[in-house]
Amino acid sequence: MLQQTVVATVIPYFLDFTRRWPTVDSLAAAPIDDLLAAWAGLGYYARARNLHKAAVMVAEEWGGEFFCPDDSSPDNIANCDSHLRLLPGVGPYTAGAIGAIAFGQQTVVVDGNIERLLSRYFGIDIPIPAAKTRIGAAYQSLLPVNRPSDLPQALMDFASAVCTPKRPQCKGCCLAGSCVALANDIVETLPVKPLKTKKPMRRAVFFVAVNQHGEVFLHRRPEKGLLGCMLGFPENGLSSKAIEPSLDQNAAPFAAEWILLSEPIFHVFTHFTLEAYIYLANVDSQPDASLGGMTIGQWRKPCSADLPSLMRKIWAAARPQLFRDKLVEDEAGSAAR
DNA sequence: AATACGTGGAC
DNA sequence: TGTCCAAGTAT
């Protein structure tokens with residue numbers, strides 16, 4: 001959960017997950033849709049899919065244990081690392097963190113905080129990601145024999161509090177006397193990040209329908225790609241790089257009196273900004289939307305908690321309009337989950 | 001190596 | 001509709 005996500009954001013999700021699925025076995029046995037619903041709003045949804053796959057691997061293939069050699073010889077540290085890396089979603093950082101924190105091994109653990117701290121302290125001025133090799137070597141050179149699990153956690157907290165990206169607290173820093181970047185007055189220029197390209201715009205249309213039962217029409221998105229496997233309103237254009245998708249009703253999941261909201265909403269992703277146009281419909285029947293005989297969606301009680309943030313935002317924009325001339329029970333009653 | 005992948009908080 | 005970034009990983 002902490003991958004590219006700040007601690008304060010993670011805490012409620014972590015507490016919910018560990019309460020509902022306190023063991024690897026329970027997590028592996030949980031329906032993936034339950035995990036995805038619990039993950040909704042946290043972002044980077046491949047993490048949730050990988051977490052479940054990893055739990056299934058540990059439960060069914062590893063006998064329920066994160067096998068790790070208790071002998072801490074260098075060979076076994078490497079073996080443990082490569083073993084953990086077999087789990088989907090476990091990369092260099094996570095494998096190192098598990099090795100150090102869970103098993104007390106002398107692993108290399110370099111997150112964004114430590115990367116910043118070490119690149120500054122050692123004056124590593126080659127760009128990321130090429131600098132990662134040297135930063136890893138620098139970390140290796142610091143590894144203590146005793147309590148190796150303290151090092152990454154101490155460095156992360158220290159860098160997060162003192163060696164910050166902007167306005168680092170060099171005055172009074174206990175490392176100021178030997179920090180290469182400080183001596184060269186280049187602290188805030190490190191680490192060297194690649195130049196960021198301008199974020200492109202995409203345009204998409206979304207279809208929000210409510211039936212006479214107060215249910216909305218949602219579908220499960222394709223298992224890979226943006227918002228993979230998450231619930232969402234049918235749409236057209238979201239995954240298309242060409243900013244061309246027509247704003248007409250061609251992609252509607254079924255025929256209805258679709259009304260286009262006058263104003264689009266905007267949503268910012270990591271690599272593009274979305275301009276989302278929203279079509280609305282109140283339907284008296286319950287159309288069975290299908291393509292080639294396959295049902296493409298389902299009518300469900302609207303529950304924002306199950307939706308990724310983009311879809312929550314779309315629902316929040318659509319709901320007042322849909323409820324204007326049709327009294328429908330909203331989700332307030334079902335929000336006490 | 002470069003890009004895809006979410007979201008929200010701090011300025 | 002800004003900018004930058006966060007306990008990164010997969011492809």
Side-chain angles (χ1 to χ4, degrees), chain A residues 1-14 36 39-51 53-54 84-102 107-117 126-133 135-136 139 149 151-161 163-168 188-189 191 193-203 221-230 232 238-241 243 263-276 307-313:
Chain A
M1 286 180 173
L2 288 166
Q3 292 168 358
Q4 292 287 286
T5 307
V6 294
V7 173
T9 300
V10 161
I11 287 174
Y13 288 86
F14 178 82
L36 293 169
W39 199 281
L42 193 54
Y44 283 151
Y45 298 101
R47 293 181 298 178
R49 305 194 298 272
N50 287 334
L51 176 64
K53 286 182 195 164
L84 292 170
R85 288 285 300 273
L86 295 174
L87 299 172
V90 176
Y93 162 75
T94 305
I98 295 171
I101 298 170
T107 58
V108 171
V109 185
V110 180
D111 79 322
N113 292 300
I114 296 175
E115 179 177 274
R116 186 174 60 252
L117 171 65
I126 58 181
I128 305 291
K132 286 177 180 289
T133 302
I135 294 171
Y139 187 98
S149 71
L151 183 67
Q153 298 180 87
L155 291 183
M156 284 189 280
D157 285 344
F158 176 75
S160 173
C163 197
T164 51
K166 303 286 178 59
R167 303 164 65 87
E188 286 201 63
T189 72
K193 295 292 188 67
L195 286 62
K196 41 196 62 100
T197 59
K198 207 175 73 177
K199 193 168 289 191
M201 181 77 72
R202 286 187 196 176
R203 184 174 300 138
R221 295 181 54 78
E223 65 176 319
K224 296 200 170 184
L226 194 69
L227 308 178
C229 293
M230 299 302 288
L238 180 56
S239 293
S240 170
K241 289 186 176 181
I243 187 175
E263 295 297 328
I265 65 149
F266 292 85
H267 189 78
V268 180
F269 290 95
T270 306
H271 51 301
F272 68 94
T273 296
L274 177 68
E275 183 182 10
L307 301 176
S309 289
L310 167 63
M311 302 300 173
R312 294 180 188 179
K313 202 179 287 188

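Order of the sequence lines fixes the chain letters, A, B, ..., with proteins taken first and strands second; residue numbering starts at 1 for each chain.
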Of all heavy-atom pairs between [X] and [Y], which one has the smallest distance, and what is that distance?
{"X": "A:Pro152", "Y": "A:Tyr139", "value": "CD-OH, 3.2 Å"}
{"X": "A:Pro168", "Y": "A:Thr164", "value": "CA-OG1, 3.2 Å"}
{"X": "A:Ala48", "Y": "A:Leu36", "value": "CB-CD2, 3.9 Å"}
{"X": "A:Leu84", "Y": "A:Ile98", "value": "CD1-CG2, 3.7 Å"}
{"X": "A:Arg221", "Y": "A:Ser239", "value": "NH2-OG, 3.9 Å"}
{"X": "A:Leu227", "Y": "A:Tyr45", "value": "CD2-CE1, 3.6 Å"}

With a strict under 4.0 Å distance from non-hydrogen atoms of chain A, what nucleotide opens and what nucleotide closes the contacted stretch of DNA chain B, reading 5' to 3'? B:dA4 to B:dG8
Using atom [atom1] of each nucleotide, how far apart are [N] and [M] to the nearest Å?
{"N": "C:dA7", "M": "B:dT3", "atom1": "C1'", "value": "22 Å"}
{"N": "B:dT7", "M": "C:dT11", "atom1": "C1'", "value": "22 Å"}
{"N": "B:dG6", "M": "C:dC4", "atom1": "C1'", "value": "15 Å"}

Check for a donor-acceptor pair, side chain of A:Arg47 on one end and backbone N or O of A:Gln3 on the other, with a separation under 3.5 Å. yes
Span of DNA chain C, from the first to the last nucleotide whose atoms fall under 4.0 Å of chain A heavy atoms: C:dT1 to C:dA10
Remember a base hit wins even if backbone is also touched, and classify [X] as base, sugar-phosphate or nothing at under 4.0 Å, heavy atoms.
{"X": "A:Pro194", "result": "nothing"}
{"X": "A:Met201", "result": "base"}
{"X": "A:Thr5", "result": "base"}
{"X": "A:Lys199", "result": "nothing"}
{"X": "A:Gly225", "result": "sugar-phosphate"}
{"X": "A:Lys241", "result": "sugar-phosphate"}
{"X": "A:Val10", "result": "nothing"}
{"X": "A:Ile114", "result": "nothing"}
{"X": "A:Pro308", "result": "sugar-phosphate"}

Atom pair [atom1]/[atom2] of [X] and [Y] - distance to nearest 0.5 Å:
{"X": "A:Arg116", "Y": "A:Ser160", "atom1": "CZ", "atom2": "OG", "answer": "7.0 Å"}
{"X": "A:His267", "Y": "A:Phe272", "atom1": "NE2", "atom2": "CZ", "answer": "8.5 Å"}
{"X": "A:Ile265", "Y": "A:Leu310", "atom1": "CD1", "atom2": "CG", "answer": "6.0 Å"}

Nearest nucleotide by nearest heavy atom, which residue falls closer to the 5' end of DNA chain C, A:Phe266 or A:Arg116? A:Phe266
The residue, A:Arg167 or A:Val6, whose nearest nucleotide of DNA chain B is more 5′ is A:Val6
First encountered from the 5' end of DNA chain B, between A:Leu310 and A:Thr197: A:Thr197
